[in-house]
Number of protein chains: 2
Amino acid sequence: MGKRNPEKVASLHEKLADKMEERGLRSTSQRRLVCDVFFRSSGHHSVDDVLALVHRRDPKIGYATVYRTLKMLVESGLAHERHFSDSLARFEVTDAEGHHDHLICVSCNAIIEFEDDEIERLQERLAKRHGYQLVRHKHELYGICLTCRRQGVDSA
Amino acid sequence: MGKRNPEKVASLHEKLADKMEERGLRSTSQRRLVCDVFFRSSGHHSVDDVLALVHRRDPKIGYATVYRTLKMLVESGLAHERHFSDSLARFEVTDAEGHHDHLICVSCNAIIEFEDDEIERLQERLAKRHGYQLVRHKHELYGICLTCRRQGVDSA
DNA sequence: GTCGCTGCAAAACGTTTGCATTTAG
DNA sequence: CTAAATGCAAACGTTTTGCAGCGAC
């Protein structure tokens with residue numbers, strides 16, 4: 001959960017303002033706060049993660065508002081919703097440079113993002129071969145990271 | 001949801017009997033029925049799907065039994081649990097020939113299973129390159145199938 | 001002033017569990 | 001006889017929703 005650089009955060013707020021105007025949505029203090037918290041920290045956050053950060057600045061904000069705001073960000077294309085092996089949704093800021101997939105440590109939950117053009121190409125080919133026009137895909141690799149392996153976590 | 005051929009069904013029942021004996025589990029009429037229904041029809045079934053089929057032969061069987069039985073099949077290695085884009089779990093009979101991934105039509109939910117050695121190889125390479133020892137992966141391609149495309153379903 | 005947004009609490013959803021009862025071994 | 005499995009209903013964790021009041025525009 002690193003921090004995103006301030007220029008990028010500002011640009012995300014701008015992009016959001018545009019999108020919200022387009023869609024006729026109102027800019028409330030709660031939305032501004034939730035989005036700011038979310039934009040500032042990189043990584044894959046659950047609703048609870050975001051709510052906890054939000055509560056440090058305003059403890060009165062409710063669950064539902066965070067859910068609704070993150071959903072709005074997804075609809076506006078500024079966030080992606082992910083479902084890894086745990087049962088809850090995680091959100092990440094949409095990467096302007098485009099799509100990526102995930103390599104997840106089953107032991108410590110560290111997440112590495114990857115992009116592999118060759119795999120993407122093979123996916124396209126495979127879909128086409130079966131008559132499918134590819135819309136999106138989910139590619140998650142679960143493994144044990146080097147650190148965990150060194151600490152003697154075994155794959156059982 | 002096709003049907004599986006009778007010899008294969010019989011062989012699944014045998015394999016299950018072995019596994020259950022190994023684990024000291026009891027063969028009840030409910031378990032036999034749930035497993036028989038599940039083994040007979042190929043495809044990716046939700047708990048409700050299975051329960052509906054089961055109820056045609058015995059309406060007294062409860063939700064919990066089906067959940068517990070499918071879970072037992074997963075633990076015994078005879079079934080796999082999948083989570084596609086809808087929120088519920090789907091189960092399929094474990095394919096003796098080994099692992100496969102899925103190509104899913106976002107319009108009609110048709111599912112094609114695929115296996116691509118080259119993609120598998122690239123995944124391994126990618127994980128290794130990041131210091132991960134691969135344990136498992138999830139690879140789902142969502143697209144529009146030929147039939148739906150011909151019927152004018154567009155990708156929007 | 002209107003209509004969208006908030007916060008709360010309640011409902012919904014798929015899944016799991018506690019428990020009294022039944023049943024396999 | 002005993003321990004495991006069943007069926008019910010209630011609990012669970014996450015997400016969504018209804019609604020009265022509040023606040024952006």
Side-chain angles (χ1 to χ4, degrees), chain A residues 13 16-38 44-52 54-55 57-76 79-91 109, chain B residues 13 16-38 44-55 57-76 79-92 109:
Chain A
H13 277 294
L16 177 59
D18 289 354
K19 286 283 179 188
M20 288 181 67
E21 181 157 8
E22 244 177 74
R23 305 176 59 204
L25 303 177
R26 292 178 182 175
S27 171
T28 65
S29 66
Q30 294 93 330
R31 280 187 176 167
R32 283 190 297 270
L33 177 50
V34 172
C35 294
D36 193 54
V37 155
F38 180 64
H44 302 78
H45 305 286
S46 66
V47 173
D48 283 329
D49 293 342
V50 176
L51 187 65
V54 163
H55 274 178
R57 291 212 247 159
D58 182 351
K60 287 196 296 304
I61 288 180
Y63 249 58
T65 299
V66 176
Y67 267 102
R68 290 191 271 231
T69 304
L70 289 172
K71 196 178 180 183
M72 180 207 46
L73 288 175
V74 171
E75 285 162 2
S76 302
H80 273 290
E81 184 174 347
R82 308 274 181 195
H83 293 263
F84 299 132
S85 50
D86 46 7
S87 54
L88 40 65
R90 294 185 174 279
F91 297 83
N109 291 309
Chain B
H13 276 294
L16 177 60
D18 290 352
K19 286 284 178 186
M20 287 181 67
E21 180 157 8
E22 244 178 74
R23 304 176 59 204
L25 303 177
R26 292 176 183 178
S27 171
T28 63
S29 66
Q30 294 93 330
R31 280 188 176 164
R32 283 189 298 270
L33 176 51
V34 172
C35 294
D36 193 54
V37 156
F38 180 64
H44 302 78
H45 306 285
S46 67
V47 173
D48 283 330
D49 293 342
V50 176
L51 187 65
L53 291 169
V54 163
H55 274 179
R57 290 213 248 159
D58 181 351
K60 287 195 298 303
I61 288 181
Y63 258 111
T65 298
V66 176
Y67 268 101
R68 289 189 273 231
T69 304
L70 289 173
K71 197 177 179 184
M72 179 207 49
L73 288 175
V74 171
E75 286 161 2
S76 302
H80 273 290
E81 185 175 345
R82 310 274 182 195
H83 293 262
F84 299 132
S85 51
D86 46 6
S87 52
L88 39 67
R90 293 185 174 279
F91 296 84
E92 66 176 322
N109 292 309

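Not measured: the values here are computed from a predicted model. Side-chain atoms are counted along with the backbone in the values below, which use heavy atoms only and exclude waters and symmetry mates. Letters A, B, ... mirror the listed sequences (proteins, then strands); counts begin at 1.
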*Asks:* Rounded to whole Å, how long is the line connecting atom CG of A:Leu88 with atom P of C:dT15?
*Replies:*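 Roughly 15 Å, once rounded to whole Å.
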*Asks:* When the nearest nucleotide of DNA chain C is assigned to B:Ala89 and to B:Ser29 on a heavy-atom basis, which residue is associated with the more 5' position?
*Replies:*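 The answer here is B:Ala89.
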*Asks:* Is there a donor-acceptor pair under 3.5 Å between the side chain of A:Thr65 and the backbone N or O of A:Ile61?
*Replies:* no
*Asks:* Within this structure, what is the CG-to-P distance between B:Asp86 and C:dA12, rounded to whole angstrom?
*Replies:* 21 Å
*Asks:* Answer with yes or no whether B:Arg68 presents, from its side chain, a donor or acceptor under 3.5 Å of a partner atom in the base of D:dG7.
*Replies:*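 When only heavy-atom distances are counted, B:Arg68 does reach the base of D:dG7 through a donor-acceptor pair under 3.5 Å.
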*Asks:* Between D:dT15, D:dA3, D:dA24, which one does the side chain of B:Arg26 approach most closely?
*Replies:*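 So the side chain of B:Arg26 is nearest to D:dA3.
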*Asks:* Expressed in angstrom and rounded to an integer, what is the separation of A:Lys60 atom NZ from D:dG21 atom C1'?
*Replies:*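 That distance rounds to 16 Å.
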*Asks:* Under 4.0 Å between a side-chain N/O of B:Tyr67 and OP1 or OP2 of C:dT15, yes or no?
*Replies:*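 Indeed, a polar side-chain atom of B:Tyr67 lies that close.
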*Asks:* Would you indicate what B:Tyr63 reaches in the nucleic acid, counting non-hydrogen atoms under 4.0 angstrom: base, sugar-phosphate, or nothing?
*Replies:* nothing
*Asks:* To the nearest angstrom, how far is A:Leu51 atom CG from D:dT16 atom C1'?
*Replies:*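 After rounding, the gap between these two atoms is 16 Å.
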*Asks:* I want to verify a distance call: between C:dC5, D:dT17, C:dT6, whose nearest atom is closest to the A:Ala64 side chain?
*Replies:*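 Closest nucleotide among those given: D:dT17.
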*Asks:* Round to the nearest Å and state the distance from A:Lys71 atom NZ to C:dC5 atom C1'.
*Replies:*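 Distance, rounded to whole Å: 15 Å.
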*Asks:* Which heavy-atom pair separates A:Val50 from A:His45 by the least distance, and what is that distance?
*Replies:* CG2-CB, 3.8 Å
*Asks:* Find the distance A:Leu25:CG to C:dT6:C1' and express it as a whole number of Å.
*Replies:* 15 Å
*Asks:* Does the A:Arg90 side chain pair with the main chain of A:His83, one donor and one acceptor, at a distance under 3.5 Å?
*Replies:*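 Not a single qualifying donor-acceptor pair exists.
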*Asks:* Between A:Arg23 and A:Glu75 (salt bridge meaning N to carboxylate O under 4.0 Å), is one present in this structure?
*Replies:* yes
*Asks:* Of all the choices, D:dA24, D:dT15, C:dC8, which nucleotide is nearest to the side chain of A:Thr28 once you look at every atom?
*Replies:* D:dA24
*Asks:* Determine the contact category for B:Ser27: base if any of its heavy atoms lies under 4.0 Å from a base atom, sugar-phosphate if only primed atoms, P, OP1 or OP2 are that close, otherwise nothing.
*Replies:*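 Sugar-phosphate: the residue B:Ser27, judged by heavy atoms under 4.0 Å, touches backbone atoms but no base.
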*Asks:* C:dC5 phosphate, OP1 or OP2: any side-chain N/O from A:Gln30 under 4.0 angstrom?
*Replies:*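 No, no such contact exists.
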*Asks:* If you measure from the Lys or Arg side-chain nitrogens to the Asp or Glu carboxylate oxygens, is any gap between B:Arg82 and B:Glu92 under 4.0 Å?
*Replies:* yes
*Asks:* Return the value, rounded to whole Å, for the distance between atom CD of B:Glu21 and atom C1' of C:dG25.
*Replies:* 12 Å
*Asks:* Can you tell me the distance, in whole Å, between the CD1 atom of A:Ile61 and the C1' atom of C:dT6?
*Replies:*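 The distance from CD1 of A:Ile61 to C1' of C:dT6 comes to 9 Å, rounded to the nearest Å.
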